Amino acid sequence: MATIRISVPATSANLGPGFDSLGLAIGLYNTIELSKTASGLTLEIHGEGADTTPKDDTNLIVKAAFSVFKQVDYHPPGLHFVINNAIPVASGLGSSAAVLVGGMVAANILLNEPLAAGDLMALAVKAEGHPDNICPALLGGLVVSNYVDDHLIYRRLPVVPMKVVVALPAIQGHHTKEMRARLPSHVPLKDAAANIGRAIMVAQALSEGDYDLLADAMKDRLHEPYRRAAIPGFEQAAEAALDAGAKAITLSGSGPALIAFTPSHHKQIGESMGHAFQAATGKEAHIWILPVDTQGTVVYRGQQHPITHHQDGL
Ligand code: HSE
């Protein structure tokens, strides 16, 4: 029986002031293979989360696939998943969005696409709770997304080709739910107003590769100030990145990863962030230099196999 093969990129949500609205796809990928079998459910999981992720119907990717099956009242005889994860779990790099999108797209392709792209997007966003990782994970590139009443709206925005530096400190159990619980339910009007202007300027800066504009605009007042303290070494790593030449730096999603934007000196910036985390916490951070992904979720048809994406490490 045919095997469905797809890859889903990591995503960096918020991009500073674009809280719950802006997200960027970056070149780190989970790949999923899904086949129908005669009976039962089997999962092979490799890479990130392989030892900790359940291999039964409580697995998030299986639940995501079944949420699509439920929409069309389909009951598969049996399923086999082979999952290769490069996106670390609970990192601020959109691993849960990649899992939801991966499970849902694979299931939809398996059934010859009964759900339209927009419906699939809405289903995934509903499961995730906020759209800013899901939309770029599906579409690639830079995406702005929001709800108007119950209606999800999103647009892909232009972004120049660029590489970002990502530093992930070794912090266990850093979860978006807790990081969201740290946020106030009300914010001062002047903070909201500052973020509106800056978020638009972040999008403009990324569309033109204007790193000087990004340096000013990528300063959030709605979530980052409340989250920094939960990340030991954040201040030191951010300062080290700027000292090494980074133009702008911010928390990736709800963290603990940091993402730095720079036209040059990527390696030095990555090393400086790594050293700063090591000095501040005694633990090594994982550093990547990653291109912006412009393809989003890719379905490999026929004989084509999931590509091994090039990933610069340090
Ligand atoms: N916008 C979300 C948050 C992203 O900051 O909580 C989580 O990845």
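Only a predicted model underlies this, so the values are computations on that prediction, with no experimental measurement involved. Atoms within each ligand, like the ligands themselves, are counted from 1 in listed order.
Ion pairing of Arg228 with Asp220 is absent here, as no side-chain N (NZ or NE/NH1/NH2) approaches a carboxylate O to less than 4.0 Å. Taking the charged nitrogens against the carboxylate oxygens, Lys267 and Glu271 do have a contact shorter than 4.0 Å, which makes a salt bridge.
Note that the NZ atom of Lys36 and the CG atom of Leu79 stand 9.0 Å from one another [nearest 0.5 Å]. Separating the CG atom in Leu22 from the CG atom in Asn14 is a distance of 8.0 Å, to the nearest 0.5 Å. Atoms CD1 and CD1, from Ile109 and Ile4 in turn, are 6.5 Å apart once rounded to the nearest 0.5 Å.
Both the backbone and the side chain of Asp20 come within 4.0 Å of ligand 1, counting heavy atoms alone. Heavy atoms of Arg227 found under 4.0 angstrom from ligand 1 belong exclusively to the side chain.
From the protein, the heavy atom lying nearest to atom 4 (C) of ligand 1 is His130 CE1, 3.5 Å. In terms of protein heavy atoms, atom 8 (O) of ligand 1 is closest to Asn133 OD1, 3.0 Å.
Using bins of under 30°, 30° to 60° and over 60° for the plane-to-plane angle, the ring pair His286/Trp288 lands in the parallel bin.
Within ligand 1, counting atoms from 1 as listed, the ones closer than 4.0 Å to a heavy atom of Asp132 are 1 (N), 2 (C), 4 (C). The ligand atoms of ligand 1 that sit less than 4.0 angstrom from a heavy atom of Arg180 are 1 (N), 2 (C), 3 (C), 6 (O). Ligand 1 places these atoms under 4.0 Å from at least one heavy atom of Ala13: 4 (C).
Residue contacts with ligand 1: His223 is excluded, as none of its non-hydrogen atoms falls under 4.0 Å. Residue-ligand proximity: Met179 is placed with every non-hydrogen atom at 4.0 Å or more from ligand 1.
Backbone and side-chain nitrogen or oxygen atoms of Asn14 are examined, and one is located within less than 3.5 angstrom of a nitrogen or oxygen of ligand 1.
Between Ile45 and Pro54, the shortest heavy-atom contact is CD1-O, 4.0 Å.
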